[in-house]
Amino acid sequence: MDLPKIIWSLLRTLMVLFPTFLNVDEEYFELDLLEDDMNVNVHVQEDEHNRDEGGGHNDQVDAVNVRDWFEQEVDSEVKWCLALNSVEFRAASEFQNLTVLSTKRFGKGIANLIREHMTANHKAFNDLRLRIVYNDAKYQLEKSEEKFDVILGDLPDPDESGHNHLYTKSFYKNVVKPKLKDNGLFVTQAGPAGILTHKAVFSPIYNTLKQVFIYVVAYTALVPSYGDLYGWIMASNEPINLDAEQLNNTIGERIRGELRYLDGPVIAASTVLNKTLKNSLMEETRIITEENVTVGVVRKRGVRNYALVSEI
């Protein structure tokens, strides 16, 4: 195969595997009023457990057991639904539709769903060392009297959806850091870390943690289902040991069975970043605060995240 055909084959492969890279439908943004182009409905639905055994409607359903649901269409055949306590406020202007909702907690429902249907997690749920707490992460850490060896933050990316308070400098400084032991380690997921996506949240989170902790190490891995590199960041006030041989020894001592992906060399290698990412992390100046949350990705209106590949 001659060189032009090889290059074209590689490009076609990249377009199939990583459509986001070649179809620019996202942009970095300063958080501001965004025009709402989504369909929003609030409707009433009977709880599933209140239907009679034959599957028909039960006219005697107590009104207390009938819930209001918030429904938002986010894409073709994709809807976001939340059970409501109440609709606090609704208004519309020439520029924006605004709905303020008081929603029911859904963390326990998700955990029970995983416990019942995801068999790979059964051993973890049955481990006597496991304690599950259903609560706001910030509030729970603030009131905890414990100090921890490791705190992991696996949260949605900071953007206009409202999880930003768990990525701020004050959260890391006043809540996370005091709850770590002297040699404790904090690790957080930090969003997309690809060549074209890492400036959205990855580099600002890194720089925010640098304001609080002495030692901060970023690392990445390819997540095929997302079609991009994703990033995580470790932070501590003690040096972070990433010796591959020692990591292998620790895995052997503490892990029962065989890991299918991770070993010491893979963990160490994941912290080696390409020059583009390294330079961005060094040059990043944004710090995430409650007053200045200016990070994230917003999709352009009317553009789908697809790339069209045709046969030649």
* To do: Before giving the answer on side chain to side chain contact (heavy atoms under 4.5 Å, CB included), spell out for Ile240 and Leu185 the whole-Å C-alpha distance, their side-chain angles and the decisive distance to 0.1 Å.
  => CA-CA 8 Å; Ile240 299 172; Leu185 182 71; 3.9 Å; yes
* Verify side chain to side chain contact (heavy atoms under 4.5 Å, CB included) between Asn121 and Arg115, making sure each step is shown before the conclusion. => CA-CA 7 Å; Asn121 295 284; Arg115 186 198 302 265; over 6 Å; no
* From CA spacing to verdict: side chain to side chain contact (heavy atoms under 4.5 Å, CB included), Val201, Tyr167 -> CA-CA 10 Å; Val201 296; Tyr167 286 94; over 6 Å; no
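The closest side-chain heavy-atom distance from Ile151 to Leu141 is below 4.5 Å. In this structure, the side chains of Thr168 and Lys173 stay at 4.5 Å or more apart for every pair of heavy atoms. Side chains of Phe202 and Tyr230 form no contact here, defined as non-hydrogen atoms less than 4.5 Å apart. When side chains are defined from C-beta on, Phe213 counts as touching Lys177, because their heavy atoms get closer than 4.5 Å. The closest side-chain heavy-atom distance from Asn274 to Ile195 is below 4.5 Å. In this structure the side chain of Ile233 never reaches within 4.5 angstrom of the side chain of Val217, judged on heavy atoms. Side-chain contact check for Ile132 versus Phe125: some heavy-atom pair is nearer than 4.5 Å. Residues Leu166 and Lys138 are in side-chain contact: their nearest non-hydrogen atoms beyond the backbone lie under 4.5 Å apart.
Heavy atoms from other residues, nucleotides or ligands lying under 6.0 Å from CG of Asp182 number 12 at most. In the displayed structure, Asp127 atom CG is contacted under 6.0 Å by more than 12 heavy atoms of other residues, nucleotides or ligands.
When all heavy atoms of Trp232 and Gln189 are compared, the closest pair comes out as CD1-CA, 3.5 Å. Among all heavy-atom pairs drawn from Ala124 and Leu130, the shortest one is O-CD2, 3.3 Å. Counting all heavy atoms, side chain and backbone alike, Pro192 lies closest to Asp157 at CD-OD2, 3.5 Å. Looking at every heavy atom in both residues, Val266 comes nearest to Asp263 through N-OD1, 2.9 Å. The nearest pair of heavy atoms linking Ser170 to Glu290 is OG-OE2, 2.6 Å. Heavy atoms only, all atoms of each residue included: Tyr219 and Met234 are closest at CE2-CG, 3.6 Å.
Under the 4.5 Å side-chain heavy-atom criterion for grouping Ile, Leu, Val, Met, Phe, Trp and Tyr, Val187 is connected to Leu259 within one hydrophobic cluster. Note on Leu262: it clusters hydrophobically with Ile255, by side-chain heavy-atom contacts below 4.5 Å among ILVMFWY residues. The cluster map of Ile, Leu, Val, Met, Phe, Trp and Tyr, joined by side-chain heavy atoms under 4.5 Å apart, puts Leu242 and Tyr261 in the same cluster.
Between the OG1 atom in Thr271 and the CG atom in Leu273 there is a gap of 7.0 Å [rounded to 0.5 Å]. How far CG of Leu222 is from CG of Leu229: 6.0 Å, rounded to the nearest 0.5 Å. To the nearest 0.5 angstrom, Thr197 atom OG1 is 3.5 Å from Asp228 atom CG. Atom NZ of Lys179 is separated from atom NZ of Lys143 by 10.5 Å, given to the nearest 0.5 angstrom. Here Phe186 contributes atom CZ and Phe148 contributes atom CZ; the two are 13.0 Å apart, rounded to the nearest 0.5 Å. Taking CE from Met282 and NZ from Lys210, the interatomic distance works out to 10.5 Å, rounded to the nearest 0.5 Å.
Formation of a donor-acceptor pair under 3.5 Å by the Arg286 side chain with backbone atoms of Lys199 is found in this model. Under the 3.5 Å distance criterion, the side-chain polar atoms of Ser144 are matched with a main-chain donor or acceptor of Glu146. For the pair Asp149 (side chain) and Gly184 (backbone), a donor-acceptor distance under 3.5 Å is absent. A donor-acceptor pair is defined here as one N or O able to donate and one able to accept, closer than 3.5 Å; no such pair exists between the side chain of His198 and the backbone of Ser203. Side chain of Thr208 to main chain of Lys169: no donor-acceptor pair is present (N/O by atom type, distance under 3.5 Å, no hydrogens or angles).
Residue Ile287 is tested with Leu209, Ile205, Asn207, Val212 for a side-chain contact (heavy atoms from CB on, under 4.5 Å); the sole match is Asn207.
In the model, Asp136 has no side-chain atom that pairs as donor or acceptor with a side-chain atom of Gln140 under 3.5 Å. Asn174 and Glu142 share no side-chain donor-acceptor pair at under 3.5 Å.
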